[in-house]
Amino acid sequence: MYINNSIWLGLGKEGVLKIIGALFFFALLLLAGAAMAIIPVNILAALFALPVVMVATIAFPLVSVVLAIFVTFGAIPSGFLPQVPLAGGTVRASELFLAGIGVVFLMHVVATKGQFVKSIRSSYTPVFLFLFILVVVSSVLAVGYFRTPLKYYLYELRVCLYWFTFPLLLYAIRDERGLRRLLVSLVLVGAIIAIGVVVQFLTGKVFLEAGKVESLNMFGSSYSDVRRSFAGGGIYFILFALNLVICLWAYKKQNIFLSFLLALLMVFAVIVTFGRGVWAAEAVAFLMILLLVATLPRVKLVVSSVIALVVLLSTLYIFSPSVLEAVVDRATSVGREIESGESYDWRRTENSYAYSKIASNPAIGVALGGVYQPHRNRFMSPEQVRMIHNGYLYLVLKFGVLGLVVPILFAVVSIKKFVLMRRRGFKNDYAEPVLIAVMGTLLVPYLTSFTQPEWMYHTGVAFFSCAFVCIVLIERYWVNGEGSGGVLTK
C-alpha cells in the first residue's frame with residue numbers, strides 16, 4: 001500500500017511503523033495495568049516471563065539454563081522473580097525457567113524428528129529412563145491408589161523436574177567452548193554464594209534466597225558473638241569451586257595468587273556454615289582427590305594444605321579466637337550431640353518410622369507426597385510427616401526399594417566413565433584436574449545424603465544433574481575430541 005509522506009508529516013513508512021509499534025507497546029502497558037486489577041502481580045509476571053524465557057532459550061540456550069541454575073541455588077534472589085500459587089503450593093521461579101526451556105526442548109524434538117534426542121544420549125540415559133518409570137509409577141499410585149492430596153504430591157513431583165537440568169544443559173552446550181563457559185558459570189555460582197554466606201556471617205542479614213543466619217548454640221553453650229550462616233544446597237557449588245581451584249593449581253593450571261584468594265573465600269564460607277556433615281564429607285573428598293592426582297601434584301597439595309591450614313588457624317586465633325573456639329567445639333562435639341539427643345534423636349526417630357513403613361510395603365513405599373510418620377507433636381508441619389532427612393530412605397519411601405537403585409546406578413556409571421577416561425587419556429590439559437574435581441565434589445552429596453534429603457530436594461537434584469553433565473561433556477570434548485555436541489551447531 002502506498003503512503004503519502006505529506007499526510008504523515010514526512011515520517012515515511014519506517015516512521016509510521018515506529019509510531020504504530022509505540023502505540024502497540026503503550027496498549028500492552030494499559031492491558032497489563034488493567035490485568036493487574038484482576039490477576040495477582042506474581043501470576044501476571046509469570047505470564048510475561050514465560051514467553052521471554054522461551055525466546056531467550058532459542059537465542060541463548062546456555063545462558064538461559066545457567067540463569068535457571070543461578071535462580072535454583074539462590075544466587076539470584078527469587079524475591080525479584082515471579083512465583084505462581086498452584087494447588088495450595090507455590091511454583092518456584094526456577095521451575096518456571098525450566099518449564100519455559102522445556103517447552104523449547106519439546107519443540108526442538110518435534111522439529112528435528114528425533115535427531116535432537118540422539119544428540120543428548122549418553123551413558124546415563126538408561127538410568128534416567130529407569131528413574132522416569134519410577135516417577136510415573138509413583139505418580140499413578142499417589143493419585144489413583146493412595147489418594148494423596150494434590151498439594152503434597154505436586155511438591156515432590158516438582159522436585160523431580162530438576163532432573164531435566166541434565167538434558168537441558170546437554171541441549172544448550174554446542175561445543176568445547178560451551179563446556180568451558182559452563183565450568184566458569186558453575187564456579188561463578190559458587191563464588192556468589194560464598195560471598196553471600198560470608199556477608200551473612202559478618203552482618204547478620206540474610207543475603208541468599210536459601211540462606212539463614214542464627215547464633216551458634218550447642219548443648220546449652222551459646223557463642224553469642226558467633227553467627228552460623230547457611231548456604232542451602234549452594235554449599236556444593238562452593239565446594240566444587242574450591243576443589244576445582246585446588247586441582248587446577250596442583251596441575252599448574254592456575255595463578256597461585258588467584259588460587260589462594262578463591263580458596264580462602266571458599267574455605268571461610270564453608271567454615272562459617274558450621275556444618276559438621278559437610279566438613280567431614282569434604283575432608284573425605286579431599287583425601288580422594290589426593291589419591292586420584294598424580295604423585296607430584298599430590299605432594300604439592302599436601303604441603304600447601306598444611307601451610308594453608310596453619311595460616312588460617314593462626315589468623316582466626318589472632319583476629320577472632322571465639323570463632324576458632326566454636327569451630328573446634330563444633331568439630332569435636334559429635335559424641336556430645338548423640339548423648340544429648342537433639343538432632344540425632346530426631347533423625348533416629350524419623351528413620352525408625354521409615355523402616356517400619358518400608359517393611360510394611362517395600363515394593364511401592366508411600367509414593368510421592370505420601371505420609372510415613374504421625375504428627376509427633378503440635379509443632380510438626382504437614383511437610384515434616386512426609387519428608388525425611390536421610391536421602392536414601394527418602395527414595396525408598398517414595399519409589400519403593402527400587403528407588404535405592406537410582407543412586408547406585410548413577411555412581412556405577414560415573415566411576416566407570418572416570419576409569420575409562422583416565423585409561424584412554426585426555427586431549428586437553430585441563431581435563432584431568434577438572435574431572436578429578438567433579439568426582440571429588442560429587443562424593444560430598446553422596447555422603448551428606450545420609451543426613452540430608454539431597455536425592456529428593458531441588459538443589460540436590462540440580463547439583464547431581466550438573467555434575468553428571470560435566471562428566472559427559474569432559475568425555476565428549478576432552479577425551480573423544482568431538483568438535484560439536486549440540487544440534488544447534490551448523
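Just so we're clear, the structure is a prediction, and the values are computed from it rather than from any experiment. No hydrogens, no waters, no symmetry mates; every other heavy atom, side chains included, goes into these values. Position 1 is the first residue of the sequence, and the numbers go up from there.
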> Of Arg423, Lys417, Met421, which is the lone residue that meets side chain to side chain contact (heavy atoms under 4.5 Å, CB included) with Val419?
Replying inline: Arg423
>> For Pro407, is there any backbone N or O sitting under 3.5 Å from a side-chain donor or acceptor partner on Tyr446?
In response: yes
>> Pairing donors with acceptors under 3.5 angstrom, does anything connect the side chains of Trp478 and Glu432?
In response: no
>> Do Leu404 and Leu395 have side chains that approach each other closer than 4.5 Å (heavy atoms only, starting at C-beta)?
In response: no
> For residues Glu156 and Tyr394, is any side-chain donor paired with an opposing acceptor at under 3.5 Å?
Replying inline: yes
> Going through the checks in order, is the side-chain contact (heavy atoms from CB on, under 4.5 Å) test met by Phe399 and Leu368?
Replying inline: CA-CA 8 Å; Phe399 303 115; Leu368 290 171; 4.0 Å; yes
> Got Phe418 and Ile471 here, is their nearest side-chain heavy-atom distance under 4.5 Å?
Replying inline: no
> Atom CG of Leu134 and atom NZ of Lys398: how far apart are they, to the nearest 0.5 Å?
Replying inline: 14.5 Å
> Would Cys466 and Phe166 satisfy side-chain contact (heavy atoms from CB on, under 4.5 Å), going step by step from the backbone distance to the final call?
Replying inline: CA-CA 6 Å; Cys466 291; Phe166 178 86; over 6 Å; no
> Gly425 and Val479: which non-hydrogen atoms are nearest, and at how many Å?
Replying inline: O-CG1, 3.7 Å
>> Under a 3.5 Å threshold, yes or no: a donor from one side chain and an acceptor from the other, between His389 and Glu350?
In response: yes
>> Between Tyr124 and Ser414, is there a side-chain heavy-atom distance shorter than 4.5 Å?
In response: yes
>> Less than 3.5 Å apart, any donor N or O on the side chain of Thr459 or Tyr236 sitting next to an acceptor on the other?
In response: no
> Which residue, Phe130, Phe410, Phe463, forms the ring-ring contact (aromatic ring centres under 6.0 Å, His included) with Trp163?
Replying inline: Phe410
>> By the salt bridge (charged side-chain N to carboxylate O under 4.0 Å, His left out) test, which pairs, at least two apart or in different chains, include something from residues 63-72?
In response: none
>> Check whether Ser320 reaches the backbone of Leu316 with its side chain - one donor and one acceptor, N or O, closer than 3.5 Å.
In response: no
> Given side chains that start at C-beta, do those of Leu393 and Tyr372 come closer than 4.5 Å, heavy atoms only?
Replying inline: no
> Got a sec, which pairs hit salt bridge (charged side-chain N to carboxylate O under 4.0 Å, His left out) with one end in residues 448-468, sequence neighbours left out?
Replying inline: none
Can I get a per-line list of side-chain donor-acceptor pairs under 3.5 Å for residues 257-274, giving both atom names and the distance, sequence neighbours left out?
residue, atom, partner, partner atom, Å
Ser259, OG, Asn255, O, 2.8
Thr273, OG1, Val270, O, 2.6

> Would Glu176 and Arg476 pass as an ion pair if we require N to O under 4.0 Å?
Replying inline: no
